[in-house]
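What follows is a single structure, written as structure tokens, with notes after it.
Each chain gets a letter, A, B and so on, in the order its sequence line appears, and its residues count up from 1.
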There are 2 protein chains.
Amino acid sequence: MKQETADGVRSVERAASIIQAVADAGEAGARLTDIAIKTGMSKTTIHRLLGTLVKVGWLDQEDKSSTFYLGLPLVAIGNTASDRHGLLDLAAPHLKRLAELTGDTVYLAVRMGSQALCVDRVIGNFPIRTATLRIGDRRPLGTCPGSLALLAGQPQDLIEELMLSASHLQIGSLKVDTVGLPRLIAQSRASGYSMSPEVLVPGADGLGVPVMGAGGSAVAALSLETVDSRLSEPRRTQLVEWLQREAAELSENLLRLSPGFSQREVHRMLADAI
Amino acid sequence: MKQETADGVRSVERAASIIQAVADAGEAGARLTDIAIKTGMSKTTIHRLLGTLVKVGWLDQEDKSSTFYLGLPLVAIGNTASDRHGLLDLAAPHLKRLAELTGDTVYLAVRMGSQALCVDRVIGNFPIRTATLRIGDRRPLGTCPGSLALLAGQPQDLIEELMLSASHLQIGSLKVDTVGLPRLIAQSRASGYSMSPEVLVPGADGLGVPVMGAGGSAVAALSLETVDSRLSEPRRTQLVEWLQREAAELSENLLRLSPGFSQREVHRMLADAI
DNA sequence: AATGCATAATCCGTGTAGCGGAACTATGTT
DNA sequence: AACATAGTTCCGCTACACGGATTATGCATT
């Protein structure tokens, strides 16, 4: 065998590995050698690519030290990425309103492969604060209220596929309860909201609801995290109601403003309308 | 002349141009031809790079349409980028507290070249909401309260340099008042806070204070935006006091937890301490 | 100071990976 | 049906990236 299925621009793939390595290093940054160990690429190559990456602003070498950090321009890029179809702007008022009504922490998540990606959050004013997820954090679908709502809102065939997918079975320390999951999904669909399948943080718990897009599947999820004592019955029904109302409104705005239709389809529809 | 000073990995530079082009296109995404027009590169090259960029997850081609969006993994990367040295985590409680105390919108900004980059914000509960900046937005230094505080907090020689820098004179529709700026900087330094040099959004105004890092220069700025009627005197003094207190605490935490010292220096200091 | 050990920067010959013009296909428009 | 526009594939040429070897730098230890 020559190369596996290597088609693609090598340098760019390598550059991506480097960025990923630096991102994994987190707030502390990474040095050339760290990256070499992590990626297995030769130091020479990394050195060359580092130069380019610094040049384009994706990496940053503070003063002239040997530690590299992710470049600040990536902040703007990342934020634009999370605003695809204007979702962030549309959802912001709903998140804010929920956080005010409930006092708890509210999250907005979208699906990224077999994971849920947290793209926004608003922390409420209730004195005891629970804020487990940060923007950019990922969870395997089905392991927290939001990601469960997102999963349950997918078409059935996709659910099967996602549950089977190997990467889905275990990501980090979180393992998906493959056995119990179908029941949880059924429950979510029946009741219109999702509860946390297992307690991740002792004392904290949450609720999630799907945000429907065109085609009847979930494009996002709104979820809420609070101390478990504040999820008991009189309050829970109220919370679910609020979440569902905001999700419905958001869904409506999404469908009106950013259709999942191609330009051609829109054209055709406009033509028909005239 | 052969090539300008072109050293660097071409493909990666090109890939960066493409990502930038897609980012500039914003929430609506970009097509191959759009990118070709914007970057001036040949379609073949773009096509090849697009393939790679999709493969590494930096671009996303929804279903199989011809529109490319920024990949969701960039959200996580961008967020890590803004958390350099743990700034985001350290600052979050202060932002939250300020937003609660004041009811107004609070921003956290850092310097990126001759611009200020907004890396976090919390919208307060006051019924009239002003939220001009979004996370990832940039402003030339000196054009808004936060960026002015950031500028005034730099060492004098850097200020001169930044004010001279051509790119600084006009970015987008914002033009820096080069003439009035030195006075504004002096005022900011004397009073310990900055006011908006000019009104960007009618009826809205703000205050900014620097967050000091090691070496006595500003590493970040806290700022606050509100309706101008809420900035008149009895209240303004109170706001400045709150901002300065939070900035001071944040500064202290920054110095304690994430020093600008190299690993060796830390080593030596620890050794001395024993 | 002197030595030793990392890590980072530079050099350079080799081979291939990336380049882009042109031709082709697909899709929507008049 | 003919046109227009956007995207894809082909292919030969060369510039460009590769990585082993070498040198330079910066910190710790003696």
May I have the distance from A/R31 (atom CZ) to D/dC27 (atom C1'), rounded to whole angstrom?
-> 12 Å

Can you name the one residue among B/T80, B/I77, B/N79 that meets side-chain contact (heavy atoms from CB on, under 4.5 Å) with A/L74?
-> B/I77

The residue, A/L50 or A/S11, whose nearest nucleotide of DNA chain C is more 5′ is A/L50

What closest approach, in Å, do A/A220 and A/L108 show between heavy atoms, and which atom pair accounts for it?
-> CB-CD1, 4.1 Å

Between CG of B/L49 and P of C/dG18 the distance, given in whole Å, is 9 Å

Hey, does the side chain of A/R14 come within less than 4.0 Å of D/dG19's phosphate (OP1/OP2), counting only N and O?
-> yes

Between atom CD in B/E13 and atom P in D/dA15, what is the gap in whole Å?
-> 18 Å

5'-most contact on DNA chain D: B/Q61 or B/V12, nearest heavy atom basis?
-> B/Q61

Numerically ordered, the residues 32-47 of chain A set in heavy-atom contact under 4.0 Å with DNA chain D is A/S42, A/T44, A/T45

Step by step, work out the side-chain hydrogen bond (donor to acceptor under 3.5 Å, both in side chains) result for A/N253 and A/E249.
-> CA-CA 6 Å; A/N253 291 333; A/E249 283 179 21; 5.9 Å; no

For the student: nearest non-hydrogen atoms of A/G78 and B/V75, plus distance | O-CG2, 3.7 Å

Between B/Q154 and B/I159 the two heavy atoms that sit nearest each other are O-CD1, 3.5 Å

Here the residues of residues 15-30 of chain A within 4.0 Å heavy-atom distance, strictly under, of DNA chain D are none

Any side-chain heavy-atom pair of B/I19 and B/W58 under 4.5 Å = yes

Separation of D/dA15 atom P from B/R10 atom CZ, nearest Å, is 10 Å

Qualifying residues under side-chain contact (heavy atoms from CB on, under 4.5 Å), relative to A/S147, sequence neighbours excluded = A/A116, A/L141, A/T143, A/C144

Can you name the closest pair of heavy atoms from B/I46 and B/T39 and give their distance?
-> CD1-OG1, 3.9 Å

For D/dA6, take OP1 and OP2 only and decide whether either is under 4.0 Å from a side-chain N or O of B/S66.
-> no

Backbone N or O of B/T33 within a donor-acceptor pair of the B/R31 side chain at under 3.5 Å?
-> no

